[in-house]
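Just below is one structure, and these are the notes that go with it.
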Amino acid sequence: MIRATKLTQPAAKAAKYVAGIRLLSSSPIVAAEKSSNAFKPKADRTQSMAFTKKDGGTKRVRSGTTTSVNMSSANPAYYTELPKPKLDLLSKDTATATRLNTFMQIDEGFLQSTGKGRYPGHLAADFKLFGKPALLYRQVTQTLVDQMAQNAQTAPKRATVLDGLNGAGKSAELLKLAMVAATSGHIVIYGLSTLPWANSSRPYGPGFKSDLFVQYELANELLRSVSAVSREVLSKVPLGKSVALGKRTLESGKTLADLVDIGLQTPSLSHDALDQLLEIASSQTVVPVFIGLDEVNTLWCKTSYRDQDDNVLPANRFRLAQSFLPFFEGKSLAKGWVVGATSYAEVRFMPKDLKTRLCPPPAIPIANPDLARDPGVAELPFDVVKVERLSSPEAWGLMQFYQKANIVTTPVTEGLVAKKWVYANGNPRQMFAGVTTYF
Amino acid sequence: MLHLLGVNLPDQKVVSVALTYFYGIGPLTARKICSRLSFHKECKLSELTEGQLNQLSGVLSEMTIENDLKRKVAANVQHLRQIGTYVGKRHAMGLPVHGQRTRGNSVTAKKINGTMLRKYSTVADTAFARQALGLFQAPLSRHQN
């Protein structure tokens with residue numbers, strides 16, 4: 001017979017404790033919780049638990065919206081065909097003073113060369129509503145076109161930058177100039193938007209054996225647009241010297257078109273090809289060159305890109321910006337013109353000192369010699385052309401076109417034009433917003 | 001879905017966001033990794049080449065993340081407990097560690113603190129037991145002392 005021995009106090013406590021555990025662990029509540037815990041899935045943070053995605057095929061990304069209406073059964077009172085006003089194509093022959101205050105069409109092929117569906121500034125909404133890319137031919141446009149014709153013979157010593165308020169028409173003027181230059185036999189190097197050069201939206205990387213960072217994709221795109229617009233003109237200009245690009249060497253008898261082709265075929269040589277193109281084109285006198293950069297302020301800004309040590313990179317640390325900066329800081333072309341257009345849409349890429357120099361505050365007296373020596377108000381290395389508000393005849397031409405394009409359905413009277421013009425303070429974008437919004 | 005170092009990363013996410021799916025990597029560290037490897041801000045995981053992915057794996061394997069980091073944190077808490085510090089005792093009791101009030105609030109601390117220690121205990125790991133034995137943990141740890 002086994003004698004039950006009396007347990008010591010701590011041991012008895014421990015025994016009770018263990019018995020309690022056994023009781024608890026065998027209880028139905030605990031058992032239910034155990035079973036529910038067994039089926040509870042572990043939270044997977046990489047997948048949404050709110051809904052399950054269907055398998056099979058990739059998700060189609062819809063870009064833009066389209067509304068399809070069966071016109072045969074549509075109510076004619078509400079659904080009308082989009083009017084297509086006949087417009088002259090803007091070219092060197094049609095860019096004359098007789099076309100002032102009229103709308104002229106921009107060549108679709110020219111716009112496609114810059115990239116499908118890409119338009120400068122905020123013009124995408126305008127062109128969509130017009131049904132075709134078209135811009136108003138203004139007095140400032142005529143002045144710039146005349147200047148370009150002059151510069152095609154003798155290049156000016158300094159570049160020109162178009163400046164003005166938001167929506168004044170800077171990007172539009174640059175686009176018209178580039179269009180006229182393309183039809184005048186210029187080599188056109190047109191940067192539709194330099195914002196991707198600075199806003200960290202495109203691939204970049206450290207250069208090989210260089211402090212500068214490279215952006216092969218952007219350089220390749222620029223070369224592609226140059227080739228698409230100025231192919232014939234490029235084939236007329238000989239290299240004049242033998243050019244080595246990577247492992248290939250081009251003889252002096254080859255043309256700029258061959259140089260651009262190599263840059264296009266080999267993205268890693270895009271920067272070298274672009275640099276050689278700019279060097280040869282700027283020094284030759286066979287054909288004039290037009291270099292146009294929109295949002296040119298990004299050449300002097302602090303970009304959103306970072307180096308390997310996570311420090312913010314200024315624009316001049318990029319090879320692409322370095323290729324164009326000399327033209328805006330004193331280097332001149334042999335024949336042709338360098339034009340830039342500023343943009344205040346992305347304020348973070350407009351350097352403060354450049355903004356002060358472009359639009360000095362009225363409180364600073366220009367006659368003060370001490371302030372004149374201040375680098376903050378020192379002379380800019382380029383000429384500035386201010387794109388001002390629309391004049392009354394231009395506003396009239398704008399509204400006339402809006403009526404033809406069925407954007408304005410009421411009769412266009414002097415009173416209506418004056419009202420829209422005054423409310424918008426002569427700003428073209430505000431006038432467009434004034435006729436397209438209802439509230 | 002990209003499987004990298006034991007973690008499933010969503011392909012369509014931007015790299016700097018996808019990297020935060022690793023335990024031990026937050027937005028700042030993710031940004032530093034992207035800067036080091038020259039990935040632009042809008043770069044998605046699906047756009048990375050194999051070479052870039054290998055570079056990314058190399059950088060991540062140099063860092064203490066995921067299970068290594070969890071083990072390190074658990075070891076730190078265990079060390080504090082073993083040397084008998086105030087912080088260690090608070091972890092053991094499952095109470096706030098940084099001097100917060102316990103008269104009210106401290107719900108999060110009671111839920112989270114000492115989780116590392118509970119994984120090392122011999123008590124059955126059920127929610128009910130944890131709740132019930134929260135009261136018993138203190139005297140048990142006193143006995144262990």
Discussion item. Restricting to non-hydrogen atoms, name the atom on A:Tyr204 and the atom on B:Phe39 that form the minimum distance, rounded to 0.1 Å.
Written reply: CE2-C, 3.9 Å

Practice prompt. State the OG-CG distance between B:Ser35 and A:Asp309, to the nearest 0.5 angstrom.
Written response: 9.5 Å

Worksheet item: Taking atom CZ of A:Arg348 as the centre, does the number of heavy atoms from other residues, nucleotides or ligands within less than 6.0 Å exceed 12?
Response: yes

Worksheet item: Do the non-hydrogen side-chain atoms of B:Glu42 and A:Ser200 ever get within less than 4.5 Å of each other?
Response: no

Practice prompt. With the side chain counted from C-beta on, respond yes when B:Arg31 and A:Asp310 share a heavy-atom pair under 4.5 Å apart, and no when they do not.
Written response: yes

Fill in: Smallest separation among heavy atoms of B:Ser38 and A:Gln308, with atom names
OG-NE2, 4.1 Å

Worksheet, complete the sentence: Taken to the nearest 0.5 Å, the spacing of B:His40 NE2 from A:Asn199 CG works out to 9.5 Å

Worksheet item: Is it true that atom CG of B:Asn105 has more than 12 heavy atoms of other residues, nucleotides or ligands lying nearer than 6.0 Å?
Response: no

Worksheet item: Counting heavy atoms not belonging to B:Glu62, are there more than 12 under 6.0 Å from its CD?
Response: yes

Worksheet entry | Heavy-atom side-chain proximity of A:Ser304 to B:Lys41 below 4.5 angstrom | yes

Discussion item. Using a 6.0 Å cut-off, check whether atom NE2 of B:His3 has over 12 heavy atoms from anything other than its own residue.
Written reply: yes

Item to complete: Using a 4.5 Å cut-off on heavy atoms from C-beta on, say whether the side chain of A:Pro203 contacts that of B:Cys43.
Response: no

